[in-house]
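Here, residue 1 is the first one in the sequence, and each next residue gets the next number.
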Amino acid sequence: MQLNKILKGLLIAVPVMTLAACSSSSDIDEGAANQSNQATVEQTTDNDTVEVATLTPEQQAQEELRQKYDELRQEQVIYFGFDTATIQGQYGELLRAHAEFLVKNPSVKVLIEGHADERGTPEYNIALGEHRGQAVEKYLQSLGVSTSQMSVVSYGEEKPMVKSRTESAFAKNRRAVLVY
């Protein structure tokens, strides 16, 4: 009988202690922790041993590269005016950021997709999409990106971003997209 009470008590106490041990309270200033050059990961087991893993400088560089890569993926569309392949000044900063990333990482390749709205013949829109992709390619090339890192494909009107027939939809479909 006594053994049963002890086992029941342990069955309740162990999960409660586990939950309490796994709960976290942050008394550390996150800004100070982020400024540290080495990130550490701690793991506690039942034997009260602690394993600490540190990131090497190469792993930190790879992590920074991955974060920059993710940021660039968020902004990768360049819009164009009606029937033009001229890059507007507002996209200069975006393209400089992509160019800087590509120059620093020569093994990374980018596909530049040219698109057009549905106005015009399919052949004309394929050619216009090609010109838009080539305009972005030349701009990146002028910023030091190697031509071997870039390739251009035109989809013309075949892959619209917005399928409605309004002027705002047409404007969203006149674009070039950088795909990593």
Side-chain angles (χ1 to χ4, degrees), residues 30-41 53-180:
E30 289 183 22
N34 288 338
Q35 291 177 357
S36 172
N37 285 341
Q38 293 185 342
T40 60
V41 179
T54 59
L55 294 177
T56 64
E58 295 84 26
Q59 289 172 327
Q60 280 185 314
Q62 287 176 344
E63 180 63 21
E64 290 172 8
L65 174 68
R66 187 192 61 78
Q67 288 175 352
K68 180 77 170 170
Y69 196 60
D70 290 342
E71 289 173 17
L72 287 176
R73 284 186 177 181
Q74 301 302 315
E75 289 190 56
Q76 60 194 23
V77 180
I78 296 94
Y79 294 101
F80 292 88
F82 175 69
D83 202 27
T84 67
T86 305
I87 297 172
Q88 299 169 1
Q90 69 193 42
Y91 298 107
E93 186 67 31
L94 171 67
L95 289 171
R96 276 192 289 283
H98 281 278
E100 180 181 315
F101 175 76
L102 289 166
V103 167
K104 287 182 180 177
N105 302 287
S107 63
V108 176
K109 298 191 183 301
V110 65
L111 173 66
I112 304 166
E113 298 177 344
H115 298 270
D117 60 33
E118 63 184 54
R119 296 178 286 188
T121 66
E123 296 82 12
Y124 181 79
N125 287 334
I126 288 288
L128 183 57
E130 182 79 17
H131 291 304
R132 288 175 174 162
Q134 288 171 346
V136 172
E137 180 183 38
K138 287 178 186 173
Y139 194 94
L140 291 173
Q141 191 176 359
S142 73
L143 295 172
V145 179
S146 170
T147 55
S148 64
Q149 290 180 269
M150 300 180 285
S151 57
V152 176
V153 65
S154 175
Y155 291 112
E157 62 189 62
E158 299 302 315
K159 291 188 174 185
M161 184 183 288
V162 181
K163 293 189 180 205
S164 70
R165 295 186 45 87
T166 63
E167 187 54 44
S168 65
F170 290 149
K172 293 233 183 252
N173 292 332
R174 299 187 300 257
R175 69 194 189 282
V177 182
L178 299 167
V179 181
Y180 289 94

task = State, yes or no, whether a side-chain contact exists between Phe80 and Ile87 at a heavy-atom distance under 4.5 Å.
result = yes
message = Classify the ring geometry of Tyr79 against Tyr91: parallel below 30°, tilted from 30° to 60°, perpendicular beyond 60°.
response = tilted
note = Scanning both residues in full, the closest heavy-atom pair of Val103 with Val145 reads CG2-N, 3.9 Å
Heavy-atom donor-acceptor pair, Glu75 side chain to Leu94 backbone, under 3.5 Å = no
query = If only atom types and distance count, is the side chain of Gln149 paired as donor or acceptor with the main-chain N or O of Asn105 below 3.5 Å?
reply = yes
Mind listing the side-chain donor-acceptor pairs of residues 154-163 below 3.5 Å, one per line with the distance, residues two or more places apart or on another chain?
residue, atom, partner, partner atom, Å
Ser154, OG, Ile126, O, 2.6
Ser154, OG, Glu130, N, 3.2
Ser154, OG, Gly156, N, 3.4
Glu157, OE1, Asn125, ND2, 2.4

inquiry  = Within the 4.5 Å heavy-atom criterion, are Leu178 and Ile112 side-chain neighbours or not?
reply    = yes
key: Charged N-O contact under 4.0 Å between Glu100 and Lys104   = yes
request  = Would you check if the side chain of His115 reaches a backbone N or O of Arg132 as a donor-acceptor pair within less than 3.5 Å?
outcome  = no
inquiry  = With rounding to the nearest 0.5 angstrom, report the NZ to CE distance, Lys138 to Met150.
reply    = 11.5 Å
request  = Report yes or no: does Gln76 contribute a side-chain atom to a donor-acceptor pair with the main-chain N or O of Val179 at less than 3.5 Å?
outcome  = no
key: Non-hydrogen atoms of Val108 and Leu102 that approach each other most closely   = O-CD2, 3.8 Å
Straight-line distance of Gln62 CD to Glu58 CD, nearest 0.5 Å = 8.0 Å
message = Please find the pair of heavy atoms, one from Leu95 and one from Leu140, that lie closest to each other, and give the distance.
response = O-CD2, 3.5 Å
message = As an exercise, state the distance from CD of Glu113 to OG of Ser151, rounded to the nearest 0.5 Å.
response = 9.5 Å
message = Less than 3.5 Å apart, any donor N or O on the side chain of Tyr139 or His98 sitting next to an acceptor on the other?
response = no
query = Looking at Asp117, Asp83, Thr84, which hits side-chain hydrogen bond (donor to acceptor under 3.5 Å, both in side chains) with Arg174?
reply = Asp117
